[in-house]
Structure formats: structure tokens, C-alpha cells
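Sequential numbering from 1 along the given sequence is applied to the chain's residues.
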Amino acid sequence: MNKVTAAITAVGKYVPDYVLTNKELETMVETNDEWITSRTGIKERRILKEEGKGTSYLAIKSAENLIEKSNLDPKEIELVILCTATPDMQAASTGAFVATAIGAVNAFSFDLESACSSFLYGLSAAAAYIESGRYKKILLIGADKNSSMIDYTDRATCIIFGDGAGAVLVEPTTDGNGLQDEYMRSDGSGREFLNVAAGGSVLPATEETVKNRLHFARQEGQTVFKNAVFHMSDVCDKILDKNNLKHEDIDWLAAHQANRRIVEATAKRLDLDSSKVMLNIQHYGNTTSATLPLLLADYEKQLKKGDKVIFAAFGGGFSWGSIYFKWCYNS
Ligand code: UT7
């Protein structure tokens with residue numbers, strides 16, 4: 001019998017209706033459309049404005065979109081992995097809330113957090129469960145309400161991030177497609193360069209932390225940028241080498257959408273034509289755990305069974321990696 005690999009068999013997405021444009025940001029901080037577009041490639045991002053709605057709302061909507069598109073019976077789902085850096089609340093699993101809300105009553109669920117690499121690591125974890133034979137239907141969701149941790153007076157971060165969610169169904173296949181190989185890394189010495197300092201166990205919330213605006217995401221942009229370019233390019237090179245792939249063998253690069261220039265630098269290192277590079281950062285900005293599944297949802301119609309896709313991500317921690325994947329269906 002052929003080897004069992006993890007296939008993606010369906011995709012869903014959700015982004016909130018509210019569009020925060022570069023023009024509107026010009027009225028909030030000292031910035032301009034030309035700077036944001038040339039430095040990041042972002043034109044607009046989506047924001048979940050309604051009070052009382054958190055990341056679970058985005059995740060549920062993306063899962064419902066997948067369920068509707070694929071006629072999936074949620075009762076068949078065995079595991080829901082919710083990849084997010086912005087859970088609804090501490091201590092209570094957001095994934096459990098999502099699984100119950102979508103009717104996945106026979107599933108267990110957990111949250112997986114590794115900043116912008118969450119979905120990539122989630123795909124690795126889901127694949128391991130599938131390859132071992134332990135579970136056969138896993139709903140993998142990447143969702144983040146980044147606006148909940150963004151300081152809209154800080155121009156270094158507020159222009160970058162947006163809200164959104166994407167979901168994929170992971171199932172076994174023996175047809176040779178699905179996840180082929182991965183190369184994952186992390187380096188904890190990078191955590192000082194991108195984080196939300198307060199609200200966790202190191203620095204719990206106090207009046208002081210609120211007054212000092214320590215519950216917002218802060219980053220040393222240039223340091224993160226340089227590390228992202230170096231490490232994403234490096235792991236892509238390594239995954240190609242490990243699998244004896246040449247650049248002309250690759251059909252798609254699906255790279256985390258943090259900055260258009262980071263994606264383009266990674267593509268250049270792989271010597272890939274721009275037609276093979278998935279890009280939607282102009283519409284959504286950086287949606288953290290949601291960028292990769294949102295790319296798959298937006299490019300679903302162009303993807304063909306057997307297409308060779310290189311996934312790559314880099315995020316806070318630092319955390320990063322790449323996955324070599326063969327696409328599993330024609331839509
Ligand atoms: O998902 C993983 C996490 N995040 C990332 O991967 C993001 C990585 N970093 C970046 O994408 C980029 O570093 C940024 C987009 C955050 C910043 O772009 P940059 O080209 O690295 O700009 P910079 O920080 O070096 O700043 C250049 C100039 C500075 O002015 P001076 O000192 O040259 O006069 C900044 O003060 O641009 C200024 N600046 C801005 N100007 C207009 C910084 N932010 C803005 C802004 N609008 N929003």
C-alpha cells in the first residue's frame with residue numbers, strides 16, 4: 001500500500017466587512033499611502049469592529065464557509081486545531097468554543113500559538129496525526145483579531161496588521177499528494193523584538209501596564225524584517241535541497257504575508273517568477289495565523305492537483321519554517 005500523507009481537501013475563509021484603508025490611517029497617525037504601499041505593499045486591511053466579538057467569531061465564520069462549500073457534516077470532524085495569537089480569553093480554549101459553535105460535537109479541540117508561524121506549525125501537527133492514523137478528519141483554522149492588540153497611535157504597527165481567518169480540512173490520502181516534507185525552526189532569543197509585553201504570566205495586567213500601553217504589540221521592525229528575509233529564504237532553500245527540487249519544479253510559493261518586500265525577497269532567493277508567488281497582502285495586511293489559509297482560499301481556483309507548493313512562515317518568538325506540499329484537488 002502507498003504511504004499515507006496528509007491532504008488538504010477543502011478550504012474556507014472569512015474577513016470582516018470593515019475596510020481600513022491607507023487613506024483612513026492617514027487621518028489617525030503621521031503616515032501616507034505612498035509610504036505604506038512602497039514599504040509594505042498593503043493598501044487596506046479588514047477590521048472586526050463589532051463589540052463583544054473576538055477571534056472565535058472569525059474562526060467560526062471561516063469554518064462555516066468551508067463546511068458549506070464542501071458539504072461536510074461537522075459531526076464527522078474528530079479534531080479542531082485553532083491556530084491563533086489572539087485567543088478570545090486566557091485559560092479557556094478558544095478552539096473548544098469554536099468546535100461547539102460549528103456543531104463539531106464529536107471532536108476535541110485545542111489552541112496552537114506560535115505567532116505568525118502558528119498555521120504552518122498547525123499543518124505540521126495535523127499531518128502527524130493523519131500520518132500516524134490516529135485521526136482522519138481534522139479541521140485546521142488560522143484566525144486572528146489583531147486589532148485587539150494594536151495601538152492605533154503607533155504607526156510602526158497599526159499600518160501592518162488586519163483581522164481575518166481561514167480554514168482547511170486535513171484528511172489522509174495515498175495518491176502521493178499532500179504534505180511531502182517540512183523544515184521547522186525556532187529561536188527564543190528573538191522574543192524581545194516582537195511581542196505584547198504585558199497581560200501574560202511574566203507581567204500580569206496592572207494599572208501601570210495599562211497606563212504604559214504595554215498590552216499592545218510592539219516590534220523592532222528592521223530587526224524582524226532582516227530575520228524574516230534571512231530565515232524564510234534559508235528554510236525554503238533547505239527544503240528544496242532536501243527534496244532535490246529545482247526552482248523550475250515549484251508551481252507556487254505560499255509565504256506568510258507580513259510585508260510584500262519579505263515575500264519578494266524570498267521568491268528572488270528561490271529564483272521564482274512573480275506569477276508563481278501567491279500575494280494578497282494588499283487586501284488584508286498581516287493577519288498573523290490567517291495569512292496562509294487566506295492565500296489558499298484566494299488562489300484555490302488556480303491551484304491544480306499535483307501542483308508543488310512551498311509554504312513558508314516567520315513570526316514572533318522567533319519561529320519559522322517551510323513545508324513542501326503537493327496540492328490535492330482541482331476545484
Ligand atoms: O509577521 C512577522 C512580523 N512582522 C514583520 O515581519 C514586519 C517586519 N518589518 C517590516 O515590515 C518593516 O520593518 C516595517 C514596515 C515595520 C517598517 O519598514 P522599514 O522600511 O523597516 O522602515 P523603518 O522602520 O526603517 O523606518 C524608515 C523611516 C523612519 O524615518 P527616518 O528615521 O528615516 O526619518 C521611520 O520613522 O520611516 C519612518 N516610518 C514611517 N513613515 C511613514 C516608520 N513607520 C512609518 C509610517 N509612515 N507608518
Is a side-chain donor-acceptor pair under 3.5 Å present for Thr37 with Lys43? yes
Are Glu182 and Ser124 linked by a side-chain donor-acceptor pair shorter than 3.5 Å? yes
If you take all heavy atoms of [X] and [Y], which pair is closest and at what distance?
X	Y	value
Ala85	Ala115	CB-CA, 4.2 Å
Ser319	Gly316	OG-O, 3.1 Å
Ile159	Thr40	CD1-CG2, 4.0 Å
Thr287	Gly164	CG2-N, 4.2 Å
Ala255	Gln257	O-NE2, 2.8 Å
His215	Thr209	NE2-OG1, 2.8 Å

Distance from [X] atom [atom1] to [Y] atom [atom2], nearest 0.5 Å?
X	Y	atom1	atom2	answer
Arg213	Arg218	CZ	CZ	7.0 Å
Asp111	Thr94	CG	OG1	4.5 Å
Arg191	Ser186	CZ	OG	12.5 Å
Thr9	Glu171	OG1	CD	3.5 Å
Phe230	Phe225	CZ	CZ	14.5 Å
Lys326	Asp181	NZ	CG	11.5 Å

Within the distance-only criterion (no hydrogens, no angle test), does the side chain of [X] pair as donor or acceptor with the backbone N or O of [Y] below 3.5 angstrom?
X	Y	value
Glu44	Ile42	no
Arg46	Pro16	yes
Asn22	Glu34	no
Asn286	Asn259	no
Thr55	Pro87	no
Arg45	Asp163	no
Lys238	Ser322	no
Asn177	Cys328	no
Thr100	Ala96	yes
Asn212	Leu214	no

Determine, using the 4.5 Å side-chain heavy-atom cutoff (strictly less than), whether [X] and [Y] are members of one ILVMFWY cluster.
X	Y	value
Val11	Val15	no
Leu303	Leu169	no
Val309	Leu295	yes
Phe216	Ile47	no

Between Phe108 and Tyr135, is the gap from one ring center to the other below 6.0 Å? yes
Under 3.5 Å, which donor-acceptor pairs do the side chains of residues 60-67 form with other protein atoms, sequence neighbours left out?
{"unit_1": "Ser62", "atom_1": "OG", "unit_2": "Ala59", "atom_2": "O", "d": "2.9"}
{"unit_1": "Asn65", "atom_1": "OD1", "unit_2": "Lys13", "atom_2": "N", "d": "2.9"}

Mind checking whether [X] and [Y] have side chains closer than 4.5 Å, heavy atoms only?
X	Y	answer
Tyr152	Ser147	yes
Thr173	Thr5	yes
Leu25	Leu20	yes
Arg269	Asp234	yes
Met184	Ile323	yes
Tyr324	Leu245	yes
Thr157	Ile160	no
Leu296	Phe311	yes

What do the steps show when you test Ile102 against Leu139 for side-chain contact (heavy atoms from CB on, under 4.5 Å), and what is the final call? CA-CA 11 Å; Ile102 62 171; Leu139 186 65; 3.5 Å; yes
Test salt bridge (Lys or Arg N to Asp or Glu O under 4.0 Å) on Arg260 and Glu264 and set out the steps. CA-CA 6 Å; Arg260 184 181 180 135; Glu264 285 174 349; 2.7 Å; yes
Could you walk me through whether Met149 and Asn146 pass side-chain contact (heavy atoms from CB on, under 4.5 Å), step by step? CA-CA 6 Å; Met149 58 171 182; Asn146 286 318; 3.4 Å; yes
Could you pull out all donor-acceptor pairs under 3.5 Å where a side-chain atom in residues 274-283 meets a protein atom, sequence neighbours excluded?
{"unit_1": "Ser275", "atom_1": "OG", "unit_2": "Asp273", "atom_2": "OD2", "d": "2.6"}
{"unit_1": "Lys276", "atom_1": "NZ", "unit_2": "Ile250", "atom_2": "O", "d": "2.8"}
{"unit_1": "Asn280", "atom_1": "ND2", "unit_2": "Asp298", "atom_2": "OD2", "d": "3.0"}

Report the relative orientation of the aromatic rings in His231 and Phe314; use parallel for angles under 30°, tilted for 30 to 60°, perpendicular for over 60°. parallel
Donor-acceptor list for residues 72-84 side chains, cut-off 3.5 Å, not counting sequence neighbours:
{"unit_1": "Asp73", "atom_1": "OD1", "unit_2": "Lys75", "atom_2": "N", "d": "3.0"}
{"unit_1": "Glu78", "atom_1": "OE1", "unit_2": "Lys136", "atom_2": "N", "d": "2.5"}
{"unit_1": "Glu78", "atom_1": "OE1", "unit_2": "Lys137", "atom_2": "N", "d": "2.8"}
{"unit_1": "Thr84", "atom_1": "OG1", "unit_2": "Thr86", "atom_2": "N", "d": "3.0"}
{"unit_1": "Thr84", "atom_1": "OG1", "unit_2": "Thr86", "atom_2": "OG1", "d": "3.4"}
{"unit_1": "Thr84", "atom_1": "OG1", "unit_2": "Ala143", "atom_2": "O", "d": "2.7"}
{"unit_1": "Thr84", "atom_1": "OG1", "unit_2": "Asp144", "atom_2": "OD1", "d": "2.9"}

Test: ring pair (Phe, Tyr, Trp, His ring centres under 6.0 Å). Region: residues 167-191. Which pairs qualify, not counting sequence neighbours? none
Decide side-chain contact (heavy atoms from CB on, under 4.5 Å) for Cys158 and Val29; before the verdict, give the C-alpha distance in whole Å, the side-chain angles of both, and the deciding distance to 0.1 Å. CA-CA 9 Å; Cys158 73; Val29 290; 4.0 Å; yes
Contacts of Tyr284 that satisfy ring pair (Phe, Tyr, Trp, His ring centres under 6.0 Å) - sequence neighbours left out: none
For side-chain contact (heavy atoms from CB on, under 4.5 Å), just list the numbers for Val170 and Tyr129, CA-CA rounded to whole Å, side-chain angles, deciding distance to a tenth of an Å, and then say yes or no. CA-CA 10 Å; Val170 187; Tyr129 278 127; over 6 Å; no
Taking side chain to side chain contact (heavy atoms under 4.5 Å, CB included) as the test, write out the residues that go with Asp251, two or more places apart. Asp307, Lys308
